[in-house]
Amino acid sequence: MKKVYNIKKPIFGIDTEFYQTDLTDRYLNAFMNDIAQTNYSNKRYLYFEKGVLKNMTDELDLSNL
């Protein structure tokens with residue numbers, strides 16, 4: 001995924017187990033609040049582990065998978 005695609009709306013992958021609900025309104029609001037409090041410097045990909053931002057990047061290198 002070295003190509004940068006311009007998309008109109010962001011795509012999120014949300015771990016609903018972390019937010020302890022599968023109700024979209026609840027986990028989406030909680031997730032967006034968490035993102036708003038994080039200085040991610042306009043990076044395209046954010047990796048969280050147990051609620052802690054572990055990495056952020058503009059590109060994903062999947063060649064080693």
Side-chain angles (χ1 to χ4, degrees):
M1 295 185 70
K2 295 217 178 217
K3 180 155 178 72
V4 175
Y5 294 96
N6 293 320
I7 57 176
K8 292 181 181 181
K9 295 185 179 183
I11 300 170
F12 297 111
I14 303 171
D15 181 1
T16 58
E17 288 182 20
F18 174 79
Y19 292 105
Q20 299 177 344
T21 182
D22 60 355
L23 299 174
T24 305
D25 192 43
R26 289 188 184 172
Y27 70 70
L28 186 57
N29 285 331
F31 176 77
M32 294 306 290
N33 285 333
D34 288 346
I35 291 294
Q37 296 175 21
T38 304
N39 179 10
Y40 56 91
S41 305
N42 297 320
K43 297 296 183 182
R44 296 176 66 88
Y45 303 98
L46 308 174
Y47 175 66
F48 292 88
E49 212 173 275
K50 297 183 181 180
V52 177
L53 179 64
K54 294 290 187 173
N55 198 0
M56 54 188 164
T57 184
D58 288 325
E59 297 179 350
L60 292 179
D61 182 8
L62 302 177
S63 63
N64 61 351
L65 296 179

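As the structure is a prediction and not an experimental result, all values here were calculated from the model.
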Fill in the blank from the handout: CD1 of Ile14 to CZ of Phe31, rounded to nearest 0.5 Å, is 5.0 Å

For residues 18-25, dump all side-chain donor-acceptor pairs below 3.5 Å to protein atoms at least two apart in sequence or in another chain.
{"unit_1": "Tyr19", "atom_1": "OH", "unit_2": "Asp34", "atom_2": "OD2", "d": "2.6"}
{"unit_1": "Thr21", "atom_1": "OG1", "unit_2": "Leu23", "atom_2": "N", "d": "3.1"}
{"unit_1": "Asp25", "atom_1": "OD1", "unit_2": "Asn29", "atom_2": "ND2", "d": "3.3"}

Handout entry: Sequence-distant partners of Glu49, side-chain contact (heavy atoms from CB on, under 4.5 Å), two or more places apart
Key = Tyr47, Lys54

